[in-house]
Protein chains: 2
Amino acid sequence: MSTSLKRMATMQRMQVTGLELFYTKGYYNTSVDDILKELSLSKGAFYYHFESKEDFFIQIIENLLVRKVYSMLIEPMESHDNPLEKITNCFENALETAVHNEMDFGFALSNFMGEFNGKNPRIMKHLQDILKIWEVNIVTTLQKGKFNGFIDRHIDCEAVAVYLMSSYIGIRTLMVESTPSARKYRFMSQLKQYFRSIEQKQVNA
Amino acid sequence: MSTSLKRMATMQRMQVTGLELFYTKGYYNTSVDDILKELSLSKGAFYYHFESKEDFFIQIIENLLVRKVYSMLIEPMESHDNPLEKITNCFENALETAVHNEMDFGFALSNFMGEFNGKNPRIMKHLQDILKIWEVNIVTTLQKGKFNGFIDRHIDCEAVAVYLMSSYIGIRTLMVESTPSARKYRFMSQLKQYFRSIEQKQVNA
DNA sequence: CAATAAACGAACCGGCTAGTCGGTTTGTTT
DNA sequence: AAACAAACCGACTAGCCGGTTCGTTTATTG
């Protein structure tokens with residue numbers, strides 16, 4: 001294996017299990033040693049590849065978190081069809097992974113924001129950037145949907161985006177350790193109820 | 001001053017500033033010494049009144065958090081009038097305190113749940129109990145509203161409650177450190193939009 | 001083979017933490 | 001004023017953590 005490829009592979013391994021542990025136990029409650037123990041690697045190896053724990057985490061954000069948010073929360077809602085249906089399916093799928101206790105990157109995002117808020121402005125900046133990307137993409141999707149006649153023309157797309165992100169982040173918090181499946185079902189039913197109220201009213205035949 | 005009164009006063013002071021610091025800096029990131037420094041008290045005083053940091057926090061939950069959630073998020077929505085209006089006003093007021101960076105106990109609740117999730121089941125239990133109380137009260141309020149003809153009879157009140165709690169917890173997370181006032185405004189506009197879709201349709205005159 | 005990259009692992013520092021405990025102050029009671 | 005207990009003090013313990021350094025070893029490459 002090429003030397004730089006091996007370097008990349010090791011860094012990738014560290015980042016993946018790093019994100020996993022940070023996600024489940026929190027950043028401050030996870031020591032560098034915890035991550036290294038999981039991988040049977042040494043501290044020397046860690047500081048050979050990364051400058052510090054903070055830099056390590058920022059690289060995780062840039063390399064893993066951003067891309068996962070894109071692939072799970074942004075790309076699935078891009079299409080020329082009805083954006084409300086796309087968003088519904090996107091949330092449905094994302095919440096289903098949450099029911100199975102798998103990692104959900106939208107939730108990871110809001111979790112980390114809670115942890116770093118007021119403590120580490122540098123990391124907060126990175127997290128807020130991702131959130132902004134998510135928001136902008138939802139707004140764009142909704143505006144296109146309005147243009148294509150799926151959403152009522154009086155609707156404020158920025159407001160809908162904020163409302164959607166809020167409800168998603170909130171339901172994920174509520175789905176932690178308490179009848180997640182039932183709550184997911186109830187949430188989705190009201191999301192659809194809300195969507196019916198902002199969709200383009202059919203012209204009577 | 002009676003001796004037990006003095007005891008109560010000191011414990012109360014510790015709990016109030018304890019909650020303040022735990023809320024702003026997080027539980028694990030706030031040391032007992034931090035709280036004591038704020039009050040110019042010593043470690044001895046703390047462990048004279050409380051068994052441990054954990055017990056201290058649980059007493060804070062029971063004595064302060066529960067009551068504040070009641071007075072800010074539950075009692076304001078109880079009435080014989082339109083519950084949707086009451087809930088709107090209640091959220092409006094609660095979010096306004098958030099804009100001014102004052103303490104918001106509903107948000108504190110979800111913050112603490114994020115922090116203790118997977119780390120301290122005992123404390124999690126207490127927090128989830130409060131959340132359940134909130135949920136039950138919203139459901140009751142909505143059902144009464146349905147009975148009194150303010151809410152459409154086909155609406156699932158449990159689902160609405162979950163959706164409301166989700167959106168509230170989520171918007172509070174989003175209002176941290178990024179144009180909170182604009183987001184509050186957008187959120188409220190869509191909350192009202194959603195409420196219009198579940199209210200009792202007027203019978204045509 | 002020589003050079004370089006990657007990883008090891010032990011040692012150390014400075015700092016922070018929850019909790020302990022013997023002693024001291026304060027206030028009330030008798 | 002003596003006695004006593006509640007309230008409080010603060011030095012101390014024992015342990016963990018993140019970060020850093022460094023001499024050594026193993027693997028890869030040219």
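Naming convention: chains lettered A, B, ... in sequence-line order (proteins, then strands); numbering from 1 in each chain.
- Summary of the strand contacts: A:Glu54 and B:Arg13 both lie near DNA chain D, and taking for each the nucleotide with the nearest heavy atom, the more 5' one is attributed to B:Arg13.
- The CG-C1' distance, from B:Asp33 to D:dA11, rounds to 12 Å in whole Å.
- Comparing C:dA7, D:dC17, D:dG19 by their nearest atom to the side chain of A:Val32 picks out D:dG19.
- Distance OH (B:Tyr48) to P (C:dA18): 22 Å, rounded to an integer number of Å.
- A sub-4.0 Å separation between OP1 or OP2 of C:dG19 and a side-chain N or O of B:Tyr47 is present.
- Close to C:dC8, at under 4.0 Å from its OP1 or OP2, lies a side-chain N or O of A:Ser42.
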Practice prompt. Under the ring-ring contact (aromatic ring centres under 6.0 Å, His included) rule, what do B:Phe105 and B:Trp134 come out as? Steps first, then yes or no, please.
Written response: CA-CA 12 Å; B:Phe105 297 92; B:Trp134 190 26; over 10 Å; no
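- Comparing A:Ser52 and B:Met14 by the nucleotide of DNA chain D that holds the closest heavy atom to each, the one mapping nearer the 5' end is B:Met14.
- Straight-line distance from the CG atom of B:Asp34 to the C1' atom of C:dG15: 14 Å, rounded to whole Å.
- Regarding contacts with the backbone of D:dA6, every side-chain N or O of B:His49 stays at 4.0 angstrom or more from both OP1 and OP2.
- Atom OH in A:Tyr28 sits about 10 Å away from atom P in D:dG19, given to the nearest Å.
- Rounded to whole angstrom, the span from the CG atom of B:Leu39 across to the P atom of D:dC9 amounts to 10 Å.
- Checked against C:dG19, D:dG19, D:dA7, the side chain of B:Arg7 finds its nearest nucleotide in D:dA7.
- Rounded to an integer number of Å, the gap from CG of A:Leu36 to P of C:dA7 is 12 Å.
- Side chains of A:Leu142 and A:Ile155 form no contact here, defined as non-hydrogen atoms less than 4.5 Å apart.
- The side chain of B:Lys43 sits closest to C:dT20 out of D:dG18, D:dA6, C:dT20.
- Protein atom NZ of B:Lys53 is 15 Å distant from nucleotide atom P of C:dC16, rounded to whole Å.
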Fill in: Test ring-ring contact (aromatic ring centres under 6.0 Å, His included) applied to A:Phe187 and A:Tyr168, step by step
CA-CA 9 Å; A:Phe187 175 86; A:Tyr168 180 80; 7.6 Å; no
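- With a 6.0 Å cutoff to the six-membered ring centre and a 45° limit on the axis angle, A:Lys53 counts as a cation-pi contact of A:Tyr27.
- In this model, the phosphate group of C:dA7 is approached by a side-chain N or O of A:Thr10 to a distance below 4.0 Å at OP1 or OP2.
- For the pair B:Ile35 CD1 and C:dG19 C1', the computed distance is 14 Å after rounding to whole Å.
- Aromatic ring centroids of A:Tyr163 and A:Tyr194 lie under 6.0 Å apart.
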